[in-house]
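These notes concern the structure reproduced below.
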Amino acid sequence: MNEADVLGKVAAERVRPQSVEGVQDVLRQAHEAGLSVIPWGGGTGQDYGGVPRKADILLDLGALNALVAHEYADMTVTAQAGMTLADLQAQLAQHGQFLPLDPPQSEKATLGGILATNACGPLRLGYGTVRDWLIGITVVDAQGRLIKGGGKVVKNVTGYDLPKLHVGALGTLGVIVEATFKVSPKPETARTLVAQVSPASDLSTAAVRLWQETRPVSLLLHEDTQGRFLVALYHGDAIVTQEATERAGAITQACQLLVSQVYPGELVPEAPSTPIQVRLSTNPTEAVALHNAAFDALAETGATLDTWLGIGALTLTWDEVSDSALSGVHKALLLAKVRGVRFTLLHGPPSLRAGDLETLWFPAPSARILHERVKEALDPYNILNPGRFVCGI
């Protein structure tokens, strides 16, 4: 992703340190000179959050991509922040393990970027978020000091929970250079059930019963120009996944969904790499109702809808920056206000992200003062990604 397309400007200087010490040197020099620093991984999440007010130095972390340690017997892994998720998964697969995260563009998304944006995918239903798998972190602060938190074993008590402080902070509190995760055994088999939804379908009942009775690791309601589909993914051994999909098929038939099919492997639509993407978040019990309301209000804008059932997250995507798509974003924000749900702009051009703060996050976080104090304590001269975090912090 081109930096000008997401920053709205080109950084005066681009540096690519070859070591953690190199990152420290960049931060020390920037701190002394009062220059802003924009941490950059794979670029897949740079269009999330506000447009930085300054972009003096673009800090490319792509060279910090080494696997530091894989303690497969203890089921932990430590890697540098510039490693992509796909590369890490390939390393873990050699020992029959994986990190159960599925953010978009795993071949480009780096571990540091995933942590900084708290990125996740529909596997969140069965496995949780990146916060649940992170156990240790190393960051370089705004003054170039190396800070470590957590540990490299699953059970550790080492003071404040520094790792979670940096998850979702958009690189405004420190530059992540290394992280340690728990990992999971790679499932023996995966099966996906796909059922088309018709107007006569009792979708709400189907969703509840599928979650309660079959425990899928992801349960997705996908809607595009081809129709509306319920997609349930199951992990486990061959007997478990077969029994689960058979039970799921019986449930979808009882709830009058159209003929369902079961496919070997994972057939879950991946969130596309689109220039505009919005998420509406609600109580899981209201997810189907929100999906229907969003379809009625936004279908004409060309939006594709994906709702993570059991989580309550509805994602709306547009494949181009157009007047129709921009209108769709504002309609989605209005829908969020009317229904009292949370609105987040996950991807958007600088022109959209530099506008009213409501188009980034609604409602505004209630802990703004706390956020400001943390930022002031860790980055007093506002060096790191100034203006990118909530409320322009």
Can you see which heavy atom on [X] is nearest to which on [Y], and at what distance?
{"X": "Phe181", "Y": "Leu99", "value": "CB-CD1, 3.9 Å"}
{"X": "Ala63", "Y": "Pro17", "value": "CB-O, 3.3 Å"}
{"X": "Ile276", "Y": "Ala325", "value": "CD1-CB, 3.9 Å"}
{"X": "His31", "Y": "Ala142", "value": "CB-O, 3.4 Å"}
{"X": "Trp361", "Y": "Val390", "value": "CZ3-CA, 3.4 Å"}
{"X": "Pro122", "Y": "Ile311", "value": "O-CD1, 4.5 Å"}

So, the side chain of [X] versus the backbone of [Y]: is there a donor-acceptor pair under 3.5 Å, distance only?
{"X": "Asp296", "Y": "Ala293", "answer": "no"}
{"X": "Asp74", "Y": "Thr76", "answer": "no"}
{"X": "Gln80", "Y": "Asn65", "answer": "yes"}
{"X": "Gln46", "Y": "Pro39", "answer": "yes"}
{"X": "Arg124", "Y": "Trp308", "answer": "no"}
{"X": "Ser327", "Y": "Asp323", "answer": "no"}
{"X": "Ser201", "Y": "Val197", "answer": "no"}
{"X": "Gln143", "Y": "Arg28", "answer": "no"}
{"X": "Arg342", "Y": "Leu280", "answer": "no"}
{"X": "Asp224", "Y": "Thr304", "answer": "no"}

Step by step, work out the side-chain contact (heavy atoms from CB on, under 4.5 Å) result for Thr359 and His330.
CA-CA 8 Å; Thr359 61; His330 293 294; 4.0 Å; yes

Is Arg191 salt-bridged to Glu243, cutoff N-O under 4.0 Å?
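Salt bridge between Arg191 and Glu243, a charged N being under 4.0 Å from a carboxylate O: no.
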
Contacts of Asp202 that satisfy side-chain contact (heavy atoms from CB on, under 4.5 Å) - sequence neighbours left out
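So Asp202 forms a side-chain contact (heavy atoms from CB on, under 4.5 Å) with Ser204, Thr205, Cys255.
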
Under the rule for side-chain contact (heavy atoms from CB on, under 4.5 Å), what residues qualify as partners of Ser324, not counting sequence neighbours?
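Partners of Ser324 by the side-chain contact (heavy atoms from CB on, under 4.5 Å) criterion, ordered by chain and then number, come out as Thr301, Ser322.
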
Residues two or more places apart in sequence or in another chain: which of them pass side-chain hydrogen bond (donor to acceptor under 3.5 Å, both in side chains) with Trp133?
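side-chain hydrogen bond (donor to acceptor under 3.5 Å, both in side chains) check on Trp133 returns nothing, list empty.
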
Hey, mind stepping through Glu213 and Arg247 against side-chain contact (heavy atoms from CB on, under 4.5 Å) and telling me if it holds?
CA-CA 8 Å; Glu213 299 177 31; Arg247 180 59 182 157; 2.5 Å; yes

Please say whether more than 12 non-hydrogen atoms of neighbouring residues, nucleotides or ligands are located less than 6.0 Å from [atom1] in [X].
{"X": "Glu188", "atom1": "CD", "result": "yes"}
{"X": "Ile369", "atom1": "CD1", "result": "no"}
{"X": "Arg373", "atom1": "CZ", "result": "no"}

Between [Y] and [X], is there a side-chain heavy-atom distance shorter than 4.5 Å?
{"X": "Val51", "Y": "Lys9", "result": "yes"}
{"X": "Tyr234", "Y": "Thr189", "result": "no"}
{"X": "Asp379", "Y": "Thr172", "result": "no"}
{"X": "Val167", "Y": "Leu134", "result": "yes"}
{"X": "Val278", "Y": "Thr344", "result": "no"}
{"X": "Lys375", "Y": "Phe389", "result": "no"}
{"X": "Thr78", "Y": "Glu178", "result": "yes"}
{"X": "Leu123", "Y": "His235", "result": "yes"}

Just how far is it from atom [atom1] of [X] to atom [atom2] of [Y], taken to the nearest 0.5 Å?
{"X": "Phe229", "Y": "Leu267", "atom1": "CZ", "atom2": "CG", "answer": "11.0 Å"}
{"X": "Leu334", "Y": "Arg339", "atom1": "CG", "atom2": "CZ", "answer": "12.0 Å"}
{"X": "Ile137", "Y": "Leu165", "atom1": "CD1", "atom2": "CG", "answer": "9.0 Å"}
{"X": "Thr282", "Y": "Leu314", "atom1": "OG1", "atom2": "CG", "answer": "9.5 Å"}
{"X": "Asp60", "Y": "Ile38", "atom1": "CG", "atom2": "CD1", "answer": "13.0 Å"}
{"X": "Ser106", "Y": "Lys108", "atom1": "OG", "atom2": "NZ", "answer": "11.0 Å"}

Does NZ or CZ of Arg14 fall inside the cone over Trp40's six-membered ring, less than 6.0 Å from its centre and within 45° of the axis?
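Yes, Arg14 sits over the ring of Trp40.
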
Can you hop from [X] to [Y] via hydrophobic side chains spaced under 4.5 Å?
{"X": "Val208", "Y": "Leu193", "value": "no"}
{"X": "Leu221", "Y": "Tyr263", "value": "yes"}
{"X": "Leu309", "Y": "Val217", "value": "yes"}
{"X": "Leu230", "Y": "Val262", "value": "no"}
{"X": "Leu115", "Y": "Phe98", "value": "yes"}

Fellow cluster residues of Val15, listed by chain then number, with links counted only when side-chain atoms sit under 4.5 Å apart:
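Other cluster members: Val20, Val23, Val26, Leu27, Leu35, Val37, Ile57, Leu59, Leu61, Leu64, Val140, Leu146, Val175, Val177, Tyr381, Ile383, Leu384.
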
So among Asn382, Asn385, Asp56, which one has a side chain to side chain donor-acceptor pair (under 3.5 Å) with Ser36?
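Passing option: Asp56.
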
side-chain hydrogen bond (donor to acceptor under 3.5 Å, both in side chains) assessment of Gln94 paired with His70
CA-CA 11 Å; Gln94 297 178 24; His70 181 197; over 6 Å; no

In sequence, state the C-alpha distance, the side-chain angles, and the governing distance for Ile176 and Thr138, and then conclude on side-chain contact (heavy atoms from CB on, under 4.5 Å).
CA-CA 6 Å; Ile176 301 169; Thr138 302; over 6 Å; no

Under a plain distance cut-off of 3.5 Å, with no hydrogens placed, do His291 and Glu223 share a side-chain donor-acceptor pair?
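Judged by distance alone, the side chains do pair up.
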
I'd like to know whether Phe343 forms a side-chain contact (heavy atoms from CB on, under 4.5 Å) with Leu360, so could you lay out the CA-CA distance, the side-chain angles of the two residues, the decisive distance to 0.1 Å, and finally the verdict.
CA-CA 8 Å; Phe343 170 98; Leu360 294 172; over 6 Å; no

Please identify each residue that fulfils ring pair (Phe, Tyr, Trp, His ring centres under 6.0 Å) with His166, with sequence neighbours left out.
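In terms of ring pair (Phe, Tyr, Trp, His ring centres under 6.0 Å), with neighbours along the sequence ignored, His166 is linked to no residue.
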
Among all residues two or more places apart in sequence or in another chain, which pass the salt bridge (Lys or Arg N to Asp or Glu O under 4.0 Å) test with Glu372?
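Checked Glu372 against salt bridge (Lys or Arg N to Asp or Glu O under 4.0 Å); matches are Arg368.
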
Could you walk me through whether His347 and Tyr48 pass the ring pair (Phe, Tyr, Trp, His ring centres under 6.0 Å) check?
CA-CA 5 Å; His347 298 283; Tyr48 170 42; 7.7 Å; no

